[in-house]
2 protein chains.
Amino acid sequence: MLDDLDERIVHALAGDARRTYADIGQSVGLSAPAVKRRVDRLRETGAITGFTVRVDPAALGWQTEGVIELYCRPHTSPEAIRRGLERYPEIVSASTVTGDADAIVQVFAADMRHFEQVLERIAGEQFVERTKSTLILSPLLRRVTATPPA
Amino acid sequence: MLDDLDERIVHALAGDARRTYADIGQSVGLSAPAVKRRVDRLRETGAITGFTVRVDPAALGWQTEGVIELYCRPHTSPEAIRRGLERYPEIVSASTVTGDADAIVQVFAADMRHFEQVLERIAGEQFVERTKSTLILSPLLRRVTATPPA
DNA sequence: AATGAAATATGGACATC
DNA sequence: GATGTCCATATTTCATT
């Protein structure tokens, strides 16, 4: 598992993934090479899966965000759902869930008309029986990772 | 708005935010300084809000993920919800929504016991009337940003 | 894990289209 | 107005201790 230094390095990278290793090292009390070794190890072990950019959906033209719950036909496998959904560029995340629905899908669209089109296309998939959609009004919090409980 | 080159630069950074400007330039057909200038401009205009690390929640010790729908007391403002939720380190995102619930909250917990504790604490907040929670079974897709419709 | 050296990337200044 | 080239500086990366 991760020790305290690893936690702090991940936290520093979560805040700004382009900070230099020397800079991070100063925050956590290590030299730049020592930080790099730990980051390399975190990548090897899979704790860190990559580095990415944080974008403002609205600034990129995505004005409408929503969550679509999928009720699938009996005996639809998670893999079948994944294959069916992966060609939608508007889908940002999808997961199978407990409860009434089988999966929840997070969608970004340019506007309401676009959202409706995506919804109708998804609802028309062979494995989808019905959908229930919810629109995001305004984001309150957005973080990269949960922080340690204590 | 963003032109085609900007889109491709953002896409390249979404895939790996630590790629060098020279490397990105080769992909999109620009020199390194030209790429940097565009990235600087994208940050200034707010299209890019930062760079971050992509982590594997499970590898970091978060085995249990869930979504909690919040039904709030009448006249609870979005800002009050935000203030109430921001001190929970287990909360990764929260948004106000249309539909029956007032907000949806995405939570990572170490295990089921931990998730239950977080749920009970959130349900005990003054502004929360009741909650409805759903557990994530398995993630099917996870992306940084929607890609252009065409 | 730190140090120091070599390779590489960044980020200006300036000229060009 | 945006891009390319050049160059000084800063950073990464690797060998050594």
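Since the model is a prediction, treat every value here as computed from it, not as a measurement. Sequence lines set the chain letters: A, B, ... in the order given, protein chains first and strands last, and positions in each chain run from 1.
- With D/dT12, C/dG4, C/dA1 as the choices, the nucleotide that has an atom nearest any side-chain atom of A/A34 turns out to be C/dA1.
- Between B/R41 and B/E44, none of the side-chain N atoms (NZ, or NE/NH1/NH2) sits under 4.0 Å from a carboxylate O, so this pair counts as no salt bridge.
- Look at CZ on B/R38: it is 14 Å from C1' on D/dG4, rounded to the nearest Å.
- Proximity note for A/T20 (side chain, C-beta onward) versus C/dG11, C/dG4, D/dT11: the nearest is D/dT11.
- If you measure from atom CZ of B/R19 to atom P of D/dT11, you get 22 Å, rounded to the nearest angstrom.
- With hydrogens and angles ignored, the 3.5 Å screen pairs a side-chain donor or acceptor of A/T96 with a backbone N or O of B/S138.
- For the side chain to side chain donor-acceptor pair (under 3.5 Å) criterion with B/D40, the lone passing option out of B/R37, B/R43, B/K36, B/R38 is B/K36.
- Computed from coordinates, the B/Y21 OH to D/dT12 P distance equals 12 Å when rounded to whole Å.
- Proximity of B/L42 to A/V53: side-chain heavy atoms (C-beta onward) are nowhere separated by under 4.5 Å.
- At least one test fails for A/R143 against the ring of B/Y88: distance under 6.0 Å to the centre or angle within 45° of the axis.
- Within the 4.0 angstrom heavy-atom criterion, only backbone atoms of the sugar-phosphate kind lie near B/R18; the bases stay farther away.
- Counting heavy atoms from C-beta outward, A/H11 and A/V28 have side chains that stay 4.5 Å or more apart.
- Other members of the cluster containing B/I104 are A/V67, A/V97, A/I104, A/I136, B/V67, B/V97, B/I136, with ILVMFWY side chains joined at under 4.5 Å, either directly or via other members.
- B/D40 places its CG atom 7 Å from the P atom of C/dG11, with the value rounded to the nearest Å.
- Going from atom CG of B/L30 over to atom P of D/dT5 covers 11 Å, rounded to whole Å.
- Rounded to 10°, the angle separating the first-five-pair axis and the last-five-pair axis of the helix from C/dA1-D/dT17 to C/dC17-D/dG1 equals 30°.
- The NZ-P distance, from A/K36 to C/dT3, rounds to 18 Å in whole Å.
- Between the CZ atom of B/R41 and the P atom of C/dG11 there is a distance of 17 Å, given to the nearest Å.
- For A/R37 and C/dT3, the CZ to P distance is 12 Å, given to the nearest whole Å.
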